[in-house]
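Shown next, in structure tokens, is the structure this report addresses.
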Amino acid sequence: QVQLVESGGGLVQPGGSLRLSCAASGSFYTMGWYRQAPGKQRELVATSTSSGSTNYVDSVKGRFTISRDNAKNTVYLQMNSLRPEDTAVYYCQAAPLWGRNYWGQGTQVTVSS
């Protein structure tokens with residue numbers, strides 16, 4: 001059974017920072033983060049492969065950084081210069097090279113003054 005355990009969400013003021021963590025119960029080729037705001041579709045935020053490739057949605061480039069600790073099967077999302085429009089539920093995502101996506105339970109990130 002695959003489990004993805006997320007942590008690090010919370011309330012932060014605009015311009016602040018948060019670091020999200022997601023610990024998986026196994027190794028995956030792709031791990032990343034998606035987010036969903038109320039009334040909107042879930043969107044990709046950032047992904048990382050075990051071979052080192054990364055991908056970011058344009059709106060977070062230069063502000064967010066995805067990283068992995070493969071020994072711990074953990075992916076991180078460092079979020080800096082947060083904006084109110086970053087407010088969403090953030091979901092950890094993991095997938096093997098040829099298999100299905102797995103999802104975490106989601107962690108709330110709220111950016112507000």
Side-chain angles (χ1 to χ4, degrees):
Q1 293 277 51
V2 172
Q3 294 186 68
L4 304 176
V5 181
E6 300 160 325
S7 62
L11 175 64
V12 65
Q13 293 186 340
S17 297
L18 286 172
R19 191 191 193 207
L20 306 182
S21 299
C22 175
S25 59
S27 297
F28 294 89
Y29 178 71
T30 302
M31 296 188 74
W33 296 91
Y34 289 66
R35 66 187 181 187
Q36 187 169 25
K40 295 186 177 181
Q41 298 294 314
R42 186 175 298 186
E43 68 170 349
L44 181 148
V45 179
T47 60
S48 176
T49 69
S50 59
S51 60
S53 297
T54 59
N55 185 48
Y56 298 89
V57 67
D58 285 345
S59 61
V60 309
K61 288 181 178 178
R63 300 188 298 120
F64 292 10
T65 302
I66 190 169
S67 60
R68 293 174 65 153
D69 184 339
N70 290 325
K72 297 180 179 179
N73 296 323
T74 299
V75 65
Y76 306 93
L77 186 67
Q78 179 66 47
M79 304 187 294
N80 298 326
S81 301
L82 283 161
R83 305 165 180 169
E85 54 263 40
D86 295 318
T87 296
V89 177
Y90 283 69
Y91 295 91
C92 182
Q93 172 264 348
L97 182 61
W98 296 108
R100 59 159 288 183
N101 284 326
Y102 295 91
W103 298 96
Q105 80 286 351
T107 185
Q108 178 71 47
V109 172
T110 302
V111 185
S112 177
S113 59

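Of all heavy-atom pairs between M31 and A94, the closest is CG-CB, 4.1 Å. Scanning all heavy atoms of the two residues, the minimum distance from E43 to V57 falls at OE1-CG2, 4.4 Å. Between A95 and N101 the shortest heavy-atom distance is CB-OD1, 3.3 Å. Across all non-hydrogen atoms, the minimal contact from Y56 to A46 is CD2-CB, 3.5 Å. Residues S27 and N73 approach most closely at OG-OD1, 3.0 Å, considering heavy atoms. Across every non-hydrogen atom of R35 and S59, the tightest pair is NH2-OG, 3.4 Å.
Environment of CD in Q41: sparse, with no more than 12 heavy atoms of neighbouring residues, nucleotides or ligands closer than 6.0 Å.
The hydrophobic cluster containing Y34, built from Ile/Leu/Val/Met/Phe/Trp/Tyr side-chain heavy atoms closer than 4.5 Å, also comprises L44, V89, Y91, W103. If you chain together ILVMFWY residues whose side-chain heavy atoms come under 4.5 Å of each other, Y29 ends up grouped with L97, W98.
Here the side chains of V2 and R100 are not in contact, with every heavy-atom distance at 4.5 Å or above. In this structure, V111 and E85 have side chains that are not in contact, with every pair of non-hydrogen atoms separated by 4.5 Å or more. Using a 4.5 Å heavy-atom threshold, the side chains of C92 and V75 count as touching.
Annotation: the span from Q105 atom CD to Q3 atom CD amounts to 10.0 Å, rounded to 0.5 Å. Summarising the geometry, atom CZ belonging to R68 is positioned 7.0 Å from atom OG1 belonging to T30; distances are rounded to the nearest 0.5 Å.
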Which donor-acceptor pairs under 3.5 Å do side chains of residues 9-24 form with protein atoms, sequence neighbours excluded?
residue: S17; atom: OG; partner: N80; partner atom: OD1; Å: 2.9

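Partners of R63 under the salt bridge (charged side-chain N to carboxylate O under 4.0 Å, His left out) rule, at least two apart in sequence or in another chain, are D86. With sequence neighbours left out, the side-chain hydrogen bond (donor to acceptor under 3.5 Å, both in side chains) criterion links N55 to no other residue. With sequence neighbours excluded, no residue satisfies side-chain hydrogen bond (donor to acceptor under 3.5 Å, both in side chains) with S67.
In summary, the side chains of S51 and T49 do present a donor paired with an acceptor at a separation below 3.5 Å, with no hydrogens or angles considered.
Cluster annotation: Y76 and Y102 are assigned to distinct hydrophobic clusters (Ile/Leu/Val/Met/Phe/Trp/Tyr, side-chain heavy-atom contacts under 4.5 Å, transitive).
Judged by distance alone, with hydrogens and angles left aside, the side-chain atoms of Q78 form no donor-acceptor pair with the main-chain N or O of T65 at under 3.5 Å.
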